[in-house]
There are 4 protein chains.
Amino acid sequence: GEAAANGGPSSTDQKRSIYEQYVQPCLAELLGTTLFVFVGCASVIGNMDTLTLIQPAVAHGLIVIVLIMMFGEISGAHFNPVVSLCIYLCGGMELVLLLPYVVAQLLGGMIGAGLARVMYTSDLYGASLGGALNPTTSDLGKATLTEVMMTLILTMVVCMGVVNSRTRTPSAPFCIGLTVTANVFAGGLVSGACMNPARAFGPAVVAGHWAHHWIYWVGPSCGALLTVIFIRLLFGDQKTRVVLKTMSNVLKRKRERTS
Amino acid sequence: GEAAANGGPSSTDQKRSIYEQYVQPCLAELLGTTLFVFVGCASVIGNMDTLTLIQPAVAHGLIVIVLIMMFGEISGAHFNPVVSLCIYLCGGMELVLLLPYVVAQLLGGMIGAGLARVMYTSDLYGASLGGALNPTTSDLGKATLTEVMMTLILTMVVCMGVVNSRTRTPSAPFCIGLTVTANVFAGGLVSGACMNPARAFGPAVVAGHWAHHWIYWVGPSCGALLTVIFIRLLFGDQKTRVVLKTMSNVLKRKRERTS
Amino acid sequence: GEAAANGGPSSTDQKRSIYEQYVQPCLAELLGTTLFVFVGCASVIGNMDTLTLIQPAVAHGLIVIVLIMMFGEISGAHFNPVVSLCIYLCGGMELVLLLPYVVAQLLGGMIGAGLARVMYTSDLYGASLGGALNPTTSDLGKATLTEVMMTLILTMVVCMGVVNSRTRTPSAPFCIGLTVTANVFAGGLVSGACMNPARAFGPAVVAGHWAHHWIYWVGPSCGALLTVIFIRLLFGDQKTRVVLKTMSNVLKRKRERTS
Amino acid sequence: GEAAANGGPSSTDQKRSIYEQYVQPCLAELLGTTLFVFVGCASVIGNMDTLTLIQPAVAHGLIVIVLIMMFGEISGAHFNPVVSLCIYLCGGMELVLLLPYVVAQLLGGMIGAGLARVMYTSDLYGASLGGALNPTTSDLGKATLTEVMMTLILTMVVCMGVVNSRTRTPSAPFCIGLTVTANVFAGGLVSGACMNPARAFGPAVVAGHWAHHWIYWVGPSCGALLTVIFIRLLFGDQKTRVVLKTMSNVLKRKRERTS
């Protein structure tokens, strides 16, 4: 990306081709989501014998770090429909890629969950619902609220670390993955701390477990929309914020006139 | 901040407005402390079934890393009244922001603790005191000393990594979060290793648990003041240190005269 | 390496000698694989009393990070025959070093496993098979598939983070180690998540445990070859990819002619 | 350090004074070792209820990362007599500081162990020997070998990451801390994986536990000397290596003559 911005198209070969602009990013979302959901489901299925959340919390977080490092330069490394939505609404990606990304993510989720099914014995697979998400409480409002809050935190970190130019940081991949780990520790006991419809959709399809599946679409979507509101109204920089910049510009112009 | 220092106000839009200088930082402290206390309390409430400190130690540490990355450029990302006090006394922030920051932090602590209450069932919430801090020993002196030592380490890391120009490092957010994790492992069994009055105040209000609450104000404050003494007298650089710099300047001048 | 490219051989002493180009890298692979297999086996033998994968997962991952940092500049820090194969096939190393590296890695694996044997009592050593790999399922296809998938992920991270110039990153050592940890959490229960014939070969020799040893050669090799296909056909940059670059070049040339 | 090299003494105040060159480093070693041994002992004492090495392994590793970040620029952040010895023998520090550093480290170890004693109840303190090191096997040779190997790895990471200019890296603090964690997982069950006479000496004095104390001086010293041999003979760069550089220079000169 940066190289393309610096060198002109005539001097070097650096201008990104149609393949690299549209096809490769969707393939990266497909493979990345496949690997994310595969490792995620497998770490849950393999955790049946322990009583703690450590194994799934750490596995989900680390694989997110690694996949963002691997595919970030190619596709932005969303691997999550509500992350794509949130980044689009905060001005960080083109509309034309939104639907292809979501399709690739849901497809990747199914392939990843299928690979996890082939890998484990049916005993372990069945006992863990194949890594599918499941609220542990009968109060579905609490589970939904947990998904809202967890996704709010995750998408805030994504937008502040990747989109918002004032707070953008090269450590963003680490921060995003560490957020996943922290959030699973905070909310895993209530709703599983999914934060990602593709992570929920894949094992739901493969294991046929659809109970309360809507929570993992409604909760993360609301969390992502809350983030858009926070970023666009309050925490974005002059370019990203849609309000208060006129006022600040007005103030500045007044000051400049006086001096 | 750096951009503002380089570009002139007439050429670009980069001069920070009143909103970005005073309002946005306080909002960042409010939201950041909300999310910190929310994740912190939730990770303690959700840890009732395990016998180790791993889940709260790691969750507190990681969310600190992430929140500093997210809001550091906007407010400095203190989320802790004694950190704000310590940074102010070491010369790292304006006095005018100190009281608003502390108010925002205490308010954020209450909101975060309230969100954790809504999220968990009242059984789990009650059994864990809502994530409120509680010394496990009847010897309150030991609990207070633990808070002093833990906060001394935390605020030393903050001041050396962020304020003191000679040792300032871009890894400071990681170091500060990792200190929180290490300290919970070291002192969590004695006092909870709170190190933060806002983290104690929020769940104390929401769960109505005020027993020995003073420990979490007195201990961290003393630890922060010890750090100020260490930095200002011994470990600060020429600019931060208030003693011994005259002597060294005198010595240097003598040497320069001789040569 | 970089310094040698900048300065001419006449002006400075920086041109790499035969020792530094061929002997030192092989010694680094030997010592590095020794230390990796030593720490790996020791962390498995010392984990007999716990019921979780945390200790071996974290120990293998962290020592990988550290050894890559230590020897990456000298030998590339492969410590794994299929990683060397994969990097060679993706264009990241010379053919002449491939066989010496594999010999050094297998030798290092044996020395490391021997050191772990000397260190632990024979009771603990025997109970843990000396840290040798062992599929936990009688369905060897599942164990082999697990090794394929885990090695696919690991070698993808290596090639994207170190070889492919568009996605190359200074965080690669961290990413590679964190992948090891995540993968042990995902697949450790099925096959041990070895991903490395040298890690399997060393303790197999020292403990004389050869049951199903072929899995740890076949699985990782297939995973590495899958990675080569993915990188060379789909995810490599213009230089690394062997297809689709002509097409994109043709398209670009057409566009340039029109404008 | 870098600033001093760039700016002249007349233009700015940057020339390091005697205080900053000799007194401040020793104070940093004193306070740093105090905090390291304090957190280390406290994490061991507080771990009595769990059956795993996770808490002490992670606490020791993280506090090392943080303390190196904090004091690295001031004293080099050794906090360990054999690390100081090893760095001196590899050419990374002045002889005049060696003895003051070791004295400061041993003193800091005692203060840190004393603080841990005050912090915990005497029950917990006694049951854990106050965090003092203790081989778990009656075969003291195995315990000593473990210390040799663990310290070899640790000091190799230190010398390659900090002293040897070809492999020096800004990630060294992270690598050194992560090595500590990995090593405790690998060898903690046998000897405690101390790797540091000051860490052993402090609680030995305070708790009066001197059984097999010599292991923690002999093992780490031998490990550090092995590292010196590896670095000086095999893995150092042209400047650090004491052999093979003549040969390579001779070869290079021959080649230059021919061309």
Side-chain angles (χ1 to χ4, degrees), chain A residues 50-54 57-58 61 136-139 141-143 145-146 149-150 152-154 156-157 159-161 164 166-172 174-191 230 234-235 237-239 241 244-245 247-249 251-252 255-256 259, chain B residues 1 3 9-10 12-21 23-24 27-28 31-32 35 38-52 54-74 112 115-116 118-121 124 170-171 173-174 177:
Chain A
T50 80
L51 295 166
T52 70
L53 291 165
I54 298 171
V58 175
T136 60
T137 165
S138 58
D139 187 339
K142 285 185 190 301
L145 172 75
T146 304
M149 285 302 300
M150 296 304 151
L152 165 66
I153 300 175
L154 178 67
M156 279 291 291
V157 175
C159 288
M160 296 294 271
N164 191 45
R166 187 175 164 205
T167 52
R168 208 149 46 188
T169 163
S171 316
F174 283 97
C175 292
I176 297 167
L178 298 181
T179 305
V180 170
T181 299
N183 281 357
V184 174
F185 279 136
L189 200 66
V190 178
S191 68
F230 274 124
L234 295 176
F235 294 108
D237 50 24
Q238 296 273 348
K239 214 185 91 199
R241 222 160 57 223
L244 279 166
K245 53 183 179 185
M247 192 185 81
S248 69
N249 283 351
L251 283 169
K252 197 176 60 189
R255 241 177 297 135
E256 281 171 356
S259 64
Chain B
S10 60
T12 58
D13 230 11
Q14 285 165 342
K15 204 173 180 185
R16 289 164 95 205
S17 62
I18 287 175
Y19 174 75
E20 291 193 359
Q21 265 182 303
V23 182
Q24 208 182 39
L27 289 173
L31 181 59
L35 298 180
F38 169 65
V39 167
C41 290
S43 73
V44 169
I45 303 170
N47 193 41
M48 288 304 293
D49 292 338
T50 81
L51 295 166
T52 71
I54 298 171
Q55 183 164 329
V58 175
H60 279 90
L62 297 188
I63 200 67
V64 162
I65 295 175
V66 166
L67 290 171
I68 298 177
M69 287 290 185
M70 198 159 33
F71 293 119
E73 192 64 25
I74 290 177
L115 285 167
V118 179
M119 182 177 135
Y120 276 100
T121 60
L124 269 174
S171 316
F174 283 96

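Residue numbering restarts at 1 for every chain, and letters A, B, ... go by the order of the sequence lines. Keep in mind that this is a model prediction, so the values were computed, not measured.
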In terms of the angle between their ring planes, are A:F174 and B:F174 parallel, tilted or perpendicular, with boundaries placed at 30° and 60°? perpendicular
Would you mind telling me which of A:V58, A:I176, A:N183, A:L145 has the largest number of heavy-atom pairs within less than 4.5 Å of chain B?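 Result: the option with the highest number of such pairs is A:L145.
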In terms of heavy-atom pairs under 4.5 Å with chain B, which of A:V157, A:N164, A:T169, A:L152 leads?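 The candidate making the most pairs under 4.5 Å is A:V157.
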Where on [X] is there a heavy atom nearer than 4.5 Å to chain B: the side chain, the backbone, both, or neither?
{"X": "A:I54", "result": "side chain"}
{"X": "A:M150", "result": "side chain"}
{"X": "A:T179", "result": "both"}

Which bit of B:L124 is near chain A, if near means a heavy-atom gap under 4.5 Å: side chain, backbone, both or neither?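 Only the side chain of B:L124 comes within 4.5 Å of chain A.
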Residue set satisfying side chain to side chain contact (heavy atoms under 4.5 Å, CB included) with B:N47, at least two apart, ordered chain then number -> B:T50, B:Q55, B:P56
In chain order, what residues pass the side chain to side chain contact (heavy atoms under 4.5 Å, CB included) check against B:A57, with sequence neighbours excluded?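 Residues passing side chain to side chain contact (heavy atoms under 4.5 Å, CB included) with B:A57: B:T181, B:V184, B:F185.
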Using side chain to side chain contact (heavy atoms under 4.5 Å, CB included), reason through A:M160 and A:F230 one step at a time and then give a plain yes or no. CA-CA 10 Å; A:M160 296 294 271; A:F230 274 124; over 6 Å; no
Check whether any side-chain heavy atom of B:L35 sits under 4.5 Å from a side-chain heavy atom of A:M149, and report yes or no. yes
